[in-house]
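What follows is a short report on a single structure.
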Amino acid sequence: MSREPRAPAGFEAIPAAVHHASTVVFASVADMRARHWQQDAVYTYGLMGTPTTVELERELCRIEGAEYCVLTPSGLAAIAMVDVALLRSGDRVAIPDNAYAPNRELAHSMLAQWGIETHLYDPLRLAAFPNNTRLVWLEAPGSVTLEMPDIPALVKAAQAVGAVTALDNTWSAGLAFQPFDHGIDISLQALTKYQSGGADVLMGALLTRDRNLHLQLKHAHMRFGQGVGPDDAWLVLRGLPTLALRYQQHDRVARELAGWLTTLPMFEKVLHPALPTSPGHAIWQRDFSAAGGLVSVIFKDTIHSEQVDAFVDALQVFRIGYSWGGPVSLVMPYRLAHLRSLMPWPPETHLVRFAVGLEPFETLRADIAQALPHLDA
Ligand SMILES: *Cc1c(COP(=O)(O)O)cnc(C)c1O
């Protein structure tokens, strides 16, 4: 870990230092003129970074094998930053049908206003991208229905039309999948999830090995004033030393839970990439070294939405809420018909997503077991 000098001589400690600054002062006019935003770890103004944010960028690059990193105030801000940096009027952006829903919504609302067309694609059915596709989004797996796409094959199809590829790699935390070894141009992390690990901070990151792409992202980041605060950067830095351990634990318990859920009669299907019946399982096995903490279940169609809601309300350890990657397990019911265009699900399909926290498996199993009778209400 490369550290910035941070304290008077005689004091050294393990934690990162928090450097607050709006103004960065220069030694001389010549010094001020010599510094430029395109240089990395050269300080010009607080919005452009402080040693605390630079330290976080370097750590994230090390984890994922990237060369460059831009931090954004949320994962969604990182998605928007890629779109505004790379897309021009008349371009097309390809988005998987099972993408993180706000990614699609941004494309269908604001990008459409700016003359950028959206090409939705089924990530499980390989087809050529239209010729004017400038950017192909990928997500592995889809964060609600957990289908695992064939990333190298999609990268090939994107390269065939000269498109840049951006992978939302949040689920793997950059640990279970190495995007740049599989031809991805830009990797996106919602640091809000596993990297933070505390359910207490919002942040995103855009990682790349390509200096030219990095400068395009960094330019958009500067023009839109999307800096992150040093205290938030410090919260994420604080989570990183335990990231791999926590990820292993989320993974282990989620697999135990997924296995147990498959034995219960009320579920039509349990979705988790490590289950052989989950879509894209063989691809996950080929390309990934681990799985995250998400497990989704689809209820049999004899179960109605009021029963599903009563079941979710009856859970006590699993709290109802968006996001994942924190210490407390979360649960969220979804009605898929509203979320999909190409991969149609019958309107009566009820899905519940569990995001496994850091509680023991037995605690989570018991919580679901005590809530199941509410399905019969
Ligand atoms: C949460 C999430 C995001 C957005 O992150 P925020 O920091 O909440 O804006 C993007 N992609 C995926 C897959 C996510 O789960």
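Worth saying up front: this structure is predicted, and the values here are computed from it rather than measured.
The CG atom of L237 sits 11.5 Å away from the OG atom of S196 when rounded to the nearest 0.5 Å. Going from atom CZ of R252 over to atom CZ of F361 covers 10.0 Å, rounded to the nearest 0.5 Å. Residue L111 holds its CG atom at 4.5 Å from CG of D83, rounded to the nearest 0.5 Å. Distance check: Q38 CD to K218 NZ gives 8.5 Å after rounding to the nearest 0.5 Å. Here the straight-line distance linking atom CG of D313 with atom NE2 of H374 works out to 9.5 Å at 0.5 Å rounding. Atom CG of residue L294 and atom CG of residue L257 lie 11.5 Å apart, to the nearest 0.5 angstrom.
Note on V155: it clusters hydrophobically with F180, by side-chain heavy-atom contacts below 4.5 Å among ILVMFWY residues. Both V317 and V253 belong to a single network of hydrophobic side chains, linked directly or stepwise wherever heavy atoms of I, L, V, M, F, W or Y lie under 4.5 Å apart. Cluster membership check: L56 does not share its hydrophobic cluster with V42, using side-chain heavy-atom separations under 4.5 Å among Ile, Leu, Val, Met, Phe, Trp and Tyr. The hydrophobic clustering, which links ILVMFWY residues whose side-chain heavy atoms are closer than 4.5 Å, places L235 and L245 apart. Residues V331 and F267 share a single hydrophobic cluster, defined by chaining ILVMFWY side chains whose heavy atoms lie under 4.5 Å apart.
Using modelled atom types and a 3.5 Å distance limit, the side chains of T170 and D168 yield a donor-acceptor pair.
Of the possible polar contacts, none joining the S329 side chain to the F318 backbone as a donor-acceptor pair under 3.5 Å is found. Although no hydrogens or angles enter the test, the distance criterion places a donor-acceptor pair under 3.5 Å between the side chain of Q226 and the main chain of F224. With hydrogens and angles disregarded, a donor-acceptor distance shorter than 3.5 Å links the side chain of R353 to the backbone of S143. In this structure, N103 contributes its side chain and A99 its backbone to no donor-acceptor pair below 3.5 Å. Side-chain N or O atoms of K300 include one that pairs as donor or acceptor with a backbone N or O of P265 at under 3.5 Å. Between the H119 side chain and the V93 main chain, no donor and acceptor come within less than 3.5 Å of each other. Of the possible polar contacts, one joining the T50 side chain to the T52 backbone as a donor-acceptor pair under 3.5 Å is found. The main-chain N or O of H304 is found under 3.5 Å from a side-chain atom of Q307 such that the two form a donor-acceptor pair. Side-chain atoms of D185 come within 3.5 Å of backbone atoms of T165 as a donor-acceptor pair (strictly under, hydrogens ignored). The main-chain N or O of G293 is found under 3.5 Å from a side-chain atom of Y194 such that the two form a donor-acceptor pair.
Two residues are said to be in side-chain contact when any heavy atoms from C-beta on lie closer than 4.5 Å; D97 and R104 meet this criterion. In this structure, the side chains of T145 and L339 stay at 4.5 Å or more apart for every pair of heavy atoms. Inter-residue side-chain proximity for V328 and E359 is flagged as met; some heavy-atom pair is nearer than 4.5 Å. Contact of the T72 side chain with the H221 side chain is registered, since non-hydrogen atoms from C-beta on lie closer than 4.5 Å. When side chains are defined from C-beta on, L336 counts as touching V144, because their heavy atoms get closer than 4.5 Å. Between T133 and P130, the closest side-chain pair of non-hydrogen atoms falls below 4.5 Å. Annotation: side chain of V24 is in contact with side chain of R35 (closest heavy-atom distance under 4.5 Å). Contact check for I298 versus T349: side-chain heavy atoms found under the 4.5 Å cut-off.
Between A290 and Y247 the shortest heavy-atom distance is CB-CE2, 4.0 Å. Residues A85 and L217 share a closest heavy-atom pair of CB-CD2, 4.0 Å. Considering every non-hydrogen atom in both T192 and S323, the closest pair reads CG2-OG, 4.2 Å. Closest of all the heavy-atom pairs between S187 and I184 is N-CG2, 4.3 Å. The two residues F354 and V297 make their nearest non-hydrogen contact at CE1-CG2, 3.9 Å. When all heavy atoms of I368 and L315 are compared, the pair lying nearest together is CA-CD2, 3.8 Å.
The number of heavy atoms from other shown groups lying within 6.0 Å of NZ (K156) does not exceed 12. Other residues, nucleotides and ligands contribute at most 12 non-hydrogen atoms within 6.0 Å of the CG atom of N131.
Not counting sequence neighbours, S28 has no partner by the side-chain hydrogen bond (donor to acceptor under 3.5 Å, both in side chains) test. Partners of T242 by side-chain hydrogen bond (donor to acceptor under 3.5 Å, both in side chains), not counting sequence neighbours, listed by chain and number: R246. Every residue two or more places apart in sequence or in another chain was checked for a side-chain hydrogen bond (donor to acceptor under 3.5 Å, both in side chains) with Q39, and none qualifies.
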Check: After noting the C-alpha distance and the side-chain angles of L86 and I186, does the key distance pass the side-chain contact (heavy atoms from CB on, under 4.5 Å) rule?
Finding: CA-CA 11 Å; L86 300 183; I186 299 168; 3.9 Å; yes
Checklist line | H350 and R335: CA distance, side-chain angles, deciding distance, side-chain contact (heavy atoms from CB on, under 4.5 Å) verdict | finding: CA-CA 6 Å; H350 296 295; R335 288 181 185 154; 4.2 Å; yes
Next item on the list: Go through R340 and D122 one step at a time and tell me if the salt bridge (charged side-chain N to carboxylate O under 4.0 Å, His left out) criterion holds.
Entry: CA-CA 10 Å; R340 300 286 180 267; D122 181 339; over 6 Å; no
Next item on the list: Report the C-alpha separation of M203 and Q195 in whole Å, then their side-chain angles, then the decisive distance to 0.1 Å, and conclude whether the side-chain contact (heavy atoms from CB on, under 4.5 Å) test is met.
Entry: CA-CA 10 Å; M203 199 176 294; Q195 287 83 355; over 6 Å; no
Note to self: Let's go through F311 and I303 carefully: what are the C-alpha distance in whole Å and the side-chain angles of both, what is the deciding distance for side-chain contact (heavy atoms from CB on, under 4.5 Å) to 0.1 Å, and is it a yes or a no?
What the structure shows: CA-CA 11 Å; F311 162 72; I303 294 173; over 6 Å; no
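Taking a cutoff of 4.0 Å between a charged side-chain nitrogen and a carboxylate oxygen, R58 and D40 do not qualify as a salt bridge.
Using the six-membered ring where Trp is involved, H219 and W37 have ring planes that are tilted, between 30° and 60° apart.
For the side chain to side chain donor-acceptor pair (under 3.5 Å) with E64, the qualifying choice from Q178, Q189, R209 is Q189, the only one to do so.
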